[in-house]
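First the structure, in the form of structure tokens, and then the observations on it.
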Amino acid sequence: MLTKIKNLSTKAKAGLGAGLALLAAAGVGLGVWQPWKQAPEEPVEPVNPPQQVQGPREPEVQGPQIQVGGETVNCTVYTGQGWSICVPEDWTAEERGENGVLLSSGDGAEMTLELLSGGGNTGSFAAISGGEEGAEMTLRFYAGAGEPAPVLTASAPADRWNQYDKLFAALARTLTVGQDKPFAEIFVVPQEPDWQEADGMTVLFLDKDGFVLDEEVQKAVEAYMLSWPEEEREGYTGRYRVDGIAWDVSYTGLTENYIDVFRAGVAFEESGGGWTAMSGGVLLAVHTDGSSVERTQWLNGGAAESLEELAGLLAQ
């Protein structure tokens with residue numbers, strides 16, 4: 001290289017020197033720019049990093065909700081063969097029979113749904129009754145116009161009944177059988193009537209006044225005794241005693257009235273001494289408009305084996 005430079009003309013040497021000076025000034029010379037020996041540069045974060053664009057989110061699936069006394073109850077839908085019903089999401093479900101279900105809250109409240117064949121003769125109703133010694137209350141919904149006829153029976157401990165009675169009615173309204181909602185029009189749910197036993201009398205309290213049941217029960221017992229065949233009367237003296245009157249069941253939906261049914265225990269004196277208790281006692285049905293008594297009706301307590309059979313007799 002030096003020999004070649006010496007052989008260059010003065011003008012050429014001056015041009016070459018000027019070029020080398022420019023390279024040196026720029027720091028770009030042989031042995032200076034060696035990228036493989038330099039440390040990698042640190043990445044520079046952008047001042048305003050671009051926002052990541054996400055695709056549309058899948059909507060969350062919300063189960064049905066029902067309103068009960070100003071509170072919202074989240075539910076799921078339990079489906080059977082041709083029917084469905086809303087169930088609180090924390091309840092359990094257990095199949096019953098070929099096409100029924102037992103729904104449980106876990107703290108004593110239960111609902112059982114059945115579809116009965118051969119319905120249609122009784123009509124539709126809602127009924128409430130008390131359990132043995134008032135340990136629990138039972139609410140029963142029946143729609144006899146369909147085939148099969150749906151029957152929904154709900155029960156809960158008596159001391160927690162106010163916690164569940166409105167919920168039971170709200171769940172019943174969600175029942176769908178085929179294209180129908182058999183209990184959707186239930187607006188008046190029966191309740192235990194206001195009654196009391198005091199001073200040897202049983203009184204049903206209405207809006208206007210109280211209705212004494214004892215005389216009506218006595219009339220019912222005597223009417224029952226008059227219905228006996230002549231040969232059966234010979235075995236008794238004609239004397240009887242009433243061993244207490246208590247509320248049994250109440251209906252709505254059968255007629256335009258409320259129907260409160262009371263059961264009286266009755267015993268008859270035998271001709272040879274002793275007493276015979278009447279199986280099932282006597283039932284006294286009081287038909288009211290909520291404020292006054294429209295009429296009364298008595299029945300043999302053993303004449304009906306179910307609430308549906310009793311409802312059929314009361315609707316006549």
Looking only at heavy atoms, which two atoms of [X] and [Y] are closest? And how far apart?
| X | Y | value |
| --- | --- | --- |
| Val77 | Pro64 | CG2-CG, 3.7 Å |
| Glu192 | Trp195 | OE2-NE1, 3.2 Å |
| Ile245 | Ala264 | CG1-CB, 4.1 Å |
| Leu307 | Ala127 | CD1-CB, 4.4 Å |
| Gly301 | Leu283 | CA-CG, 3.7 Å |
| Ala93 | Leu103 | CB-CD2, 3.7 Å |

Does [X] have more than 12 heavy atoms from other residues, nucleotides or ligands lying within 6.0 Å of its [atom1]?
| X | atom1 | result |
| --- | --- | --- |
| Glu232 | CD | yes |
| Arg295 | CZ | yes |
| Gln191 | CD | no |

Heavy-atom check, side chain of [X] versus side chain of [Y], under 4.5 Å:
| X | Y | answer |
| --- | --- | --- |
| Leu284 | Thr296 | yes |
| Ser250 | Pro193 | yes |
| Glu95 | Val101 | no |
| Met111 | Leu152 | yes |
| Val266 | Tyr224 | no |
| Leu102 | Glu110 | yes |
| Gln163 | Asp107 | yes |
| Leu167 | Asp165 | no |

Does the separation of the ring centres of Tyr236 and Trp228 fall below 6.0 angstrom?
yes

Gap between atom [atom2] of [Y] and atom [atom1] of [X] - 0.5 Å precision:
| X | Y | atom1 | atom2 | value |
| --- | --- | --- | --- | --- |
| Gln218 | Arg241 | CD | CZ | 14.5 Å |
| Glu89 | Thr76 | CD | OG1 | 7.5 Å |
| Glu215 | Met201 | CD | CE | 9.5 Å |
| Leu139 | Ser129 | CG | OG | 8.5 Å |
| Tyr78 | Cys86 | OH | SG | 14.0 Å |

Please test Leu206 against Ser291 for side-chain contact (heavy atoms from CB on, under 4.5 Å), starting from the C-alpha separation and ending with a verdict.
CA-CA 5 Å; Leu206 303 171; Ser291 61; 5.6 Å; no

List the steps, then state whether salt bridge (Lys or Arg N to Asp or Glu O under 4.0 Å) holds for Lys219 with Glu216.
CA-CA 5 Å; Lys219 292 178 183 178; Glu216 297 297 322; 3.8 Å; yes

Donor on one side chain, acceptor on other, [X] and [Y], under 3.5 Å:
| X | Y | result |
| --- | --- | --- |
| Glu222 | Tyr240 | yes |
| Thr288 | Asn257 | no |
| Glu269 | Thr237 | yes |
| Gln67 | Thr72 | yes |

Charged tip of Arg263 within 45° of Trp247 ring normal and under 6.0 Å:
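Negative - Arg263 is either too far from the ring of Trp247 or too far off its axis.
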
Are the charged groups of Arg173 and Glu185 less than 4.0 angstrom apart, N to O?
no

According to a hydrophobic-cluster definition based on side-chain heavy atoms being under 4.5 Å apart (Ile, Leu, Val, Met, Phe, Trp, Tyr only), do [X] and [Y] belong together?
| X | Y | result |
| --- | --- | --- |
| Tyr258 | Leu314 | no |
| Val203 | Ile259 | no |
| Ile128 | Val188 | no |

Evaluate the ring planes of Trp91 and Phe168, with Trp represented by its six-membered ring, and classify them as parallel (under 30°), tilted (30 to 60°) or perpendicular (over 60°).
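Perpendicular, since the angle between the ring planes exceeds 60°.
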
Is it true that a side-chain atom of [X] and a backbone atom of [Y] form a donor plus acceptor pair closer than 3.5 Å?
| X | Y | value |
| --- | --- | --- |
| Asn300 | Gly302 | yes |
| Asp214 | Thr202 | yes |
| Gln297 | Leu313 | yes |
| Thr255 | Ala315 | no |

Report the residue from Phe125, Trp83, Phe141 that forms a ring-ring contact (aromatic ring centres under 6.0 Å, His included) with Phe183.
Phe141

Just do the side-chain contact (heavy atoms from CB on, under 4.5 Å) check on Phe187 and Thr252 with the steps written out, would you?
CA-CA 10 Å; Phe187 297 109; Thr252 59; over 6 Å; no

Does the pair Val151 and Tyr142 meet the rule for a side-chain contact (heavy atoms from CB on, under 4.5 Å), with working shown?
CA-CA 5 Å; Val151 181; Tyr142 178 83; 3.3 Å; yes

Report the C-alpha distance between Glu308 and Arg140 in whole Å, list the side-chain angles of each, state the deciding distance to 0.1 Å, and finish with yes or no for side-chain contact (heavy atoms from CB on, under 4.5 Å).
CA-CA 10 Å; Glu308 288 75 30; Arg140 192 171 179 91; 2.7 Å; yes

Only one of Val286, Val249, Leu299 clears side chain to side chain contact (heavy atoms under 4.5 Å, CB included) with Val261; which?
Val249

